[in-house]
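Throughout, numbering of the chain's residues begins at 1 and tracks the sequence.
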Amino acid sequence: MRHRLRPVGLGYVRTAPLRLVFVAEAAAPPEAVFTALADVEGWPRWYRQVAAAHSTDDGRGREIRLKGGTRFTETIMAADPAERYAYRVDRTNIPGLRALLEEWRLLPSPYGTGSLVRYTFAVDGVAPLRGALRLLRPGLRRAFRDAVRALDRQLATAAPS
């Protein structure tokens, strides 16, 4: 991958030039959702856009390939059980991307036994890329919500009865 991104810390979710934040509810509890997020190799089973996912660096990193050929080499920045899973993109084949941090926050649902899942896509890139991402916001929101629904279905079928 040709493009090395600027390394950013966890605070970048609050300071990035562009932040896309989406929220969905899952029937599964935060512990189960976190376990699925931390299972890097399992992502293609529930996140439709992920073609392949592999853990690297003794579990401290990830290699992700999306359908369509986009690739990422990432560092896991936080893996707080039942609370947060975050990763930073270090290298990619996307030109114009400067920095990217993705954070999944998990909270017990105030409506029952499930979870509120808050996903933040914190990004910096050249102006045309940021503009394109703003235009793609509805599609990214839909992809996130579809992924949470698919994950929820997977967790429901895997749960002991």
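Between atom OG1 of residue Thr35 and atom CG of residue Leu155 there is a gap of 8.5 Å, rounded to the nearest 0.5 Å. Residue Thr92 holds its OG1 atom at 11.5 Å from CD1 of Ile64, rounded to the nearest 0.5 Å. How far CZ of Arg4 is from CZ of Arg91: 4.5 Å, rounded to the nearest 0.5 Å. Note that CG of Leu97 is 11.0 Å distant from CZ of Arg130, once rounded to the nearest 0.5 Å. Within the model, atoms NE2 of His3 and OG1 of Thr73 stand 12.5 Å from one another, a figure rounded to the nearest 0.5 Å. Going from atom CG of Asp152 over to atom OG1 of Thr157 covers 10.0 Å, rounded to the nearest 0.5 Å.
Across every non-hydrogen atom of Trp46 and Ala147, the tightest pair is CE3-O, 3.5 Å. Ala79 and Pro81 make their closest contact through O-CD, 3.3 Å (heavy atoms, listed as atom of the first residue, atom of the second, distance). When all heavy atoms are compared, the tightest approach of Ser115 to Ala28 is OG-O, 2.6 Å. Here the closest heavy-atom approach between residue Val40 and residue Ser55 is recorded as CG1-N, 3.8 Å. Residues Asn93 and Gly69 share a closest heavy-atom pair of ND2-O, 2.9 Å. The two residues Ala52 and Pro44 have their closest heavy-atom pair at CA-CG, 4.0 Å.
Using modelled atom types, one finds a donor on one side chain and an acceptor on the other under 3.5 Å when comparing Ser109 with Glu25.
No option in Phe144, Tyr47, Tyr85 other than Phe144 meets the ring-ring contact (aromatic ring centres under 6.0 Å, His included) test with Tyr119.
The salt bridge (Lys or Arg N to Asp or Glu O under 4.0 Å) check on Arg45 picks up Asp39, with sequence neighbours excluded. Partners of Arg149 under the salt bridge (Lys or Arg N to Asp or Glu O under 4.0 Å) rule, at least two apart in sequence or in another chain, are Asp146. A search for salt bridge (Lys or Arg N to Asp or Glu O under 4.0 Å) contacts involving Arg48 returns nothing, not counting sequence neighbours. Remark: Leu20 pairs with Leu18, Phe22, Phe121, Arg137, Leu140 by the side-chain contact (heavy atoms from CB on, under 4.5 Å) rule, at least two apart or across chains. For Asp90, the salt bridge (Lys or Arg N to Asp or Glu O under 4.0 Å) criterion is met by Arg88, not counting sequence neighbours.
Taking a 6.0 Å sphere around CZ of Arg141, one finds it holds more than 12 heavy atoms contributed by other residues, nucleotides or ligands. The number of heavy-atom neighbours closer than 6.0 Å to CZ of Arg118, taken from other residues, nucleotides and ligands shown, is 12 or below.
Between the Thr75 side chain and the Gly61 main chain, no donor and acceptor come within less than 3.5 Å of each other. Asp124 places no side-chain N or O within 3.5 Å of a backbone atom of Ala99 that could act as its donor or acceptor partner.
Annotation: side chain of Leu5 is in contact with side chain of Leu100 (closest heavy-atom distance under 4.5 Å). The closest side-chain heavy-atom distance from Tyr87 to Leu101 is not below 4.5 Å. Using a 4.5 Å heavy-atom threshold, the side chains of Leu116 and Pro110 count as touching. The shortest side-chain heavy-atom distance between Tyr12 and Pro17 falls under the 4.5 Å cut-off. Two residues are said to be in side-chain contact when any heavy atoms from C-beta on lie closer than 4.5 Å; Val117 and Arg105 fail this criterion. Looking at heavy atoms from C-beta onward, Val33 lies out of side-chain contact with Glu31 at the 4.5 angstrom threshold. In this structure, Leu37 and Leu106 have side chains that are in contact, with non-hydrogen atoms separated by less than 4.5 Å.
For residues 72-84, the set of pairs meeting the salt bridge (charged side-chain N to carboxylate O under 4.0 Å, His left out) definition, not counting sequence neighbours, comprises Arg62-Glu74, Asp80-Arg84, Arg84-Glu103.
When hydrophobic clusters are built by joining Ile, Leu, Val, Met, Phe, Trp and Tyr residues whose side-chain heavy atoms come closer than 4.5 Å, directly or via intermediates, Val21 is not grouped with Val13. In terms of hydrophobic clustering, with Ile, Leu, Val, Met, Phe, Trp and Tyr side chains grouped at heavy-atom distances under 4.5 Å, Val50 and Val123 are assigned to a common cluster. Val23 and Val148 fall into different hydrophobic clusters, defined by Ile, Leu, Val, Met, Phe, Trp and Tyr side-chain heavy atoms under 4.5 Å apart, directly or through other members.
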Quick one, Arg98 with Val126, criterion side chain to side chain contact (heavy atoms under 4.5 Å, CB included). Give me CA distance, side-chain angles, the key distance, then yes/no.
CA-CA 7 Å; Arg98 294 180 183 145; Val126 296; 3.5 Å; yes
